[in-house]
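Read the structure below first, then the notes.
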Amino acid sequence: MYWEKRPTCITVIGWVWIVIGGLMCFSAVMALYSHVTIGPMAQGDPEAVQHVSVVIRYFPAFAIVQIAAATVGIISGIYFLKLKRWSRQVLEILTWLLLLFFVGFGIYWVFSWIWLTQDHGPRSFGIMGAVAGVVITGIYSVSLGIMLKYLRGDKVRNAIAGGVKPE
């Protein structure tokens, strides 16, 4: 039987999700460490606690959800490289969720940046931060959009359907 080589897009997407998952785990662990270290210090400043109380209160839960999503991404990335059908669907869902997060956070960033800098410093500083937020959001969004295009495309679907030998 003739086996095709695994398409490059599968290799790239699988490894990208393994790396994203690893970075998400590292980020969550460092955030939890910061929360444990800095959290007690913030308790001494009632004004700081008032402004970030919701984030501080639920921060460990956010980090645990991030670690869970990262673990799912890593495992799915590994099995995507092995051409398991379920992993494509999981990675598509995770990619959509990440895209929604980046777009939502980008919108939040731009409006927050404009609001926070409107009375401080030169106007150009506020504009530069907002433009940077739009550009960064665009870069991540386009990259994830390309990933979604391949995840939903015929090349990946055919490879996972059995026309490619896993490496």
Side-chain angles (χ1 to χ4, degrees), residues 7-36 38-39 42 48 51-81 83-118 120-121 123-157 159-160:
T8 304
C9 60
I10 289 179
T11 303
V12 170
I13 291 170
W15 277 106
V16 164
W17 267 105
I18 292 168
V19 170
I20 287 172
L23 291 172
M24 285 175 65
C25 280
F26 179 73
S27 167
V29 168
M30 293 306 295
L32 280 172
Y33 175 73
S34 298
H35 176 71
V36 169
I38 297 171
H51 291 297
V52 293
S53 62
V54 172
V55 174
I56 289 173
R57 191 173 318 133
Y58 297 109
F59 197 82
F62 294 148
I64 290 168
V65 168
Q66 183 175 339
I67 290 170
T71 303
V72 170
I74 291 168
I75 292 168
S76 298
I78 290 167
Y79 280 95
F80 189 67
L81 293 172
L83 302 174
K84 300 297 180 188
R85 181 170 290 150
W86 64 266
S87 65
R88 187 203 67 78
Q89 295 165 334
V90 172
L91 290 181
E92 184 178 342
I93 291 168
L94 287 174
T95 304
W96 275 111
L97 290 173
L98 194 57
L99 178 62
L100 289 172
F101 170 79
F102 276 120
V103 170
F105 185 76
I107 292 167
Y108 168 78
W109 172 268
V110 170
F111 284 109
S112 295
W113 188 267
I114 291 170
W115 181 75
L116 290 170
T117 61
Q118 68 186 354
H120 308 291
R123 184 165 171 78
S124 61
F125 182 67
I127 292 171
M128 286 173 43
V131 168
V134 169
V135 169
I136 291 168
T137 300
I139 290 169
Y140 282 112
S141 298
V142 167
S143 300
L144 291 168
I146 291 169
M147 187 183 296
L148 282 169
K149 176 184 178 275
Y150 279 100
L151 280 168
R152 302 183 90 199
D154 290 336
K155 190 176 233 180
V156 168
R157 290 180 188 269
I160 288 178

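Nothing here was measured: the structure is a model prediction, and the numbers come from that model. When reading the values below, keep in mind they use all heavy atoms of this one structure, side chains included, and skip hydrogens, waters and symmetry mates.
- Contact record, Cys25 with Ile74: SG-CD1, 4.4 Å, taken as the closest heavy-atom pair.
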Would Trp15 and Phe80 satisfy ring-ring contact (aromatic ring centres under 6.0 Å, His included), going step by step from the backbone distance to the final call? CA-CA 9 Å; Trp15 277 106; Phe80 189 67; over 10 Å; no
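- In terms of the salt bridge (Lys or Arg N to Asp or Glu O under 4.0 Å) criterion, residue partners of Arg152 (sequence neighbours excluded) are, by chain and number, Glu92.
- Tyr150 is not listed as a side-chain neighbour of Thr95, based on a closest heavy-atom distance of 4.5 Å or more.
- Applying the side-chain contact (heavy atoms from CB on, under 4.5 Å) criterion to Ser141, with sequence neighbours excluded, gives Leu99, Val103, Thr137.
- In the displayed structure, Trp96 atom CH2 is contacted under 6.0 Å by at most 12 heavy atoms of other residues, nucleotides or ligands.
- Contact record, Ala159 with Ile10: CB-CD1, 3.4 Å, taken as the closest heavy-atom pair.
- Annotation for Trp113 and Phe125: closest pair NE1-O, 3.3 Å, computed over non-hydrogen atoms.
- Considering every non-hydrogen atom in both Ala28 and Gln66, the closest pair reads N-NE2, 3.7 Å.
- Nearest heavy-atom pair across Ser76 and Ser87 is O-CB, 3.4 Å.
- In this structure, Phe111 and Ile107 have side chains that are in contact, with non-hydrogen atoms separated by less than 4.5 Å.
- Put simply, the side chain of Ile75 does not reach to within 4.5 Å of the side chain of Val90, judged on heavy atoms.
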